[in-house]
Amino acid sequence: MKKNKLATPFKSGFKVPNHYFEDFEAKMIRAISSEQSTFEQYKEKSGFTIPENYFDNLEDQVLAKVEHSEPRGMVISLFRKKKFYAVAGIAAVFIGIISTLVLKPNPVNSLDSEKILVLEEYIDEESIDLNFNEITTLLYEEGYVLDDFNTTALSDEAVLDYIDEHVEDPALILY
Amino acid sequence: MEQEEALLLRKLRNPKMRHEAFKDLVSCYKERLYWHIRNLTKNHDDTDDILQNTFIKIYKNIDTFHGDSLLYSWMYRIATNEALTFLTKKAKRLHLTSEELQNKLIENIESDVYFEGDQIQLKLQKAIATLPQKQQQVFNMKYFQELKYREISEILGTSEGALKASYHLAAKKIKDYLAGN
């Protein structure tokens, strides 16, 4: 039997319109592509359009962002727990001294949840964007926090030990 | 569809297949979610940001999806939340009420290069903007996206009866608006 030829095309008595099979493939392709672009209807109905080829690379763009936002590798603690507790203890003592002697406590202002939300949003929207120099200026020149703190009580060795154990970014040590 | 979703989910939860499965997921849903978000935000650039954030959230939280609902409705909910949060933040940033923001979005449509609608379509958008938020969502999903009430019910967590009432009320308000303007 020859390919694409029916054995008994006319025996049943049924007929097809003239040239029906001639452009059947083209019709099918048109039908399939219209099926695939069902979402064109949104444009037709709403009037909204999109930039040309917008959807072509969207998968790759999203994947690149996902990969960028994923944590890379496992973080391994450089310090043993015992050491951490010792350092934390010392730090707590320092904070206690600073908070009681140096900083004058302000009257307690309770923040209600709405204010906290506003603050969170302010931070989330990156309205606070201080660089390293600005932070240094705030700490030293504007006199916040360390103004009256007597640093001579700390030996160089203790400071170096502290930096060695707590500062991971070498760029900060160089400053 | 449910079987396809189950298979996709299994792949997404398998670290070795996750990357490829996620690509398939994005391919499959990018247009649907795009138009869902676009109908809410009206603007392409905002939609693009929200769509990408939506997919990132889906990727990061896929392990927390326990299959209590269908995957597509879960994704639609994330997209809806992202879009509404975005609009709320935008209104706050511009010191506008949500109503004023809706009006601004519609004003911007007129000069948007990615809007090719005629005057009637523009009028329709203006009419939609007068509806309460929930009615807008229902109308957009039913009229533009042609989702079934059952599907909208899954996504919005509202009964089909309430959705039908909401849609008919929205359609009536829109007709009245168009007749009066």
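Within every chain, numbering begins at 1; the chains are lettered A, B, ... in the order of the sequence lines, protein sequences first and strands thereafter. Just so we're clear, the structure is a prediction, and the values are computed from it rather than from any experiment.
- For residues 159-172 of chain B, every residue pair satisfying the side-chain hydrogen bond (donor to acceptor under 3.5 Å, both in side chains) rule, not counting sequence neighbours, is listed here: Lys172(B)-Asp176(B).
- The distance from atom CD of Glu20(B) to atom CG of Leu63(A), rounded to the nearest 0.5 Å, is 8.5 Å.
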Before giving the answer on side-chain contact (heavy atoms from CB on, under 4.5 Å), spell out for Tyr34(B) and Leu58(A) the whole-Å C-alpha distance, their side-chain angles and the decisive distance to 0.1 Å. CA-CA 11 Å; Tyr34(B) 175 91; Leu58(A) 194 69; over 6 Å; no
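- Here the side chain of Arg38(B) pairs a donor or acceptor atom with the backbone of Thr49(A) at under 3.5 angstrom.
- Ile58(B) and Phe55(A) fall within the same hydrophobic cluster, where Ile, Leu, Val, Met, Phe, Trp and Tyr residues are linked whenever their side-chain heavy atoms come under 4.5 Å apart, directly or through other members.
- Using a 4.5 Å cut-off between heavy atoms, Ile109(B) contacts chain A through its side chain alone, with no backbone atom that close.
- No continuous path of hydrophobic side-chain contacts links Tyr177(B) to Ile120(B) [ILVMFWY only; heavy atoms under 4.5 Å].
- Note: the hydrophobic cluster containing Phe22(B) does not contain Leu7(B) (ILVMFWY, side chain heavy atoms under 4.5 Å, direct or indirect links).
- Residues Leu131(B) and Leu169(B) do not share a hydrophobic cluster, clusters being chains of Ile/Leu/Val/Met/Phe/Trp/Tyr side chains in contact below 4.5 Å.
- If you take CD on Glu59(A) and CG on Asp24(B), they are separated by 9.0 Å, rounding to the nearest 0.5 Å.
- Here Gln61(A) contributes atom CD and Phe55(B) contributes atom CZ; the two are 12.0 Å apart, rounded to the nearest 0.5 Å.
- Highest contact tally toward chain A, considering only Lys42(B), Lys23(B), Lys30(B), is held by Lys30(B) [criterion: heavy-atom pairs under 4.5 Å].
- Neither the backbone nor the side chain of Ile128(B) comes within less than 4.5 Å of any heavy atom of chain A.
- Both the backbone and the side chain of Asp48(B) come within contact range of chain A, each with at least one heavy atom under 4.5 Å from a heavy atom of that chain.
- Atoms CG and CZ, from Asp112(B) and Phe48(A) in turn, are 7.5 Å apart once rounded to the nearest 0.5 Å.
- When the side chains of ILVMFWY residues are joined at heavy-atom separations under 4.5 Å, either directly or via intervening members, Leu40(B) and Ile78(B) end up in two distinct hydrophobic clusters.
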Could you go step by step and tell me if Tyr54(A) and His44(B) meet the ring-ring contact (aromatic ring centres under 6.0 Å, His included) rule? CA-CA 10 Å; Tyr54(A) 168 69; His44(B) 168 73; 4.7 Å; yes
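- The environment of Lys11(B) atom NZ is sparse: at most 12 non-hydrogen atoms of other residues, nucleotides or ligands sit within 6.0 angstrom.
- Expressed to the nearest 0.5 Å, how far CZ of Phe115(B) lies from OG of Ser46(A) amounts to 7.0 Å.
- Residue-environment remark: NZ (Lys173(B)) exceeds the threshold of 12 foreign heavy atoms within 6.0 Å.
- For the atom pair CD1 (Ile50(A)) and OH (Tyr114(B)), the distance works out to 9.5 Å, reported to the nearest 0.5 Å.
- The stretch residues 99-106 of chain B places none of its residues near chain A, where near means some heavy atom under 4.5 Å from a heavy atom of that chain.
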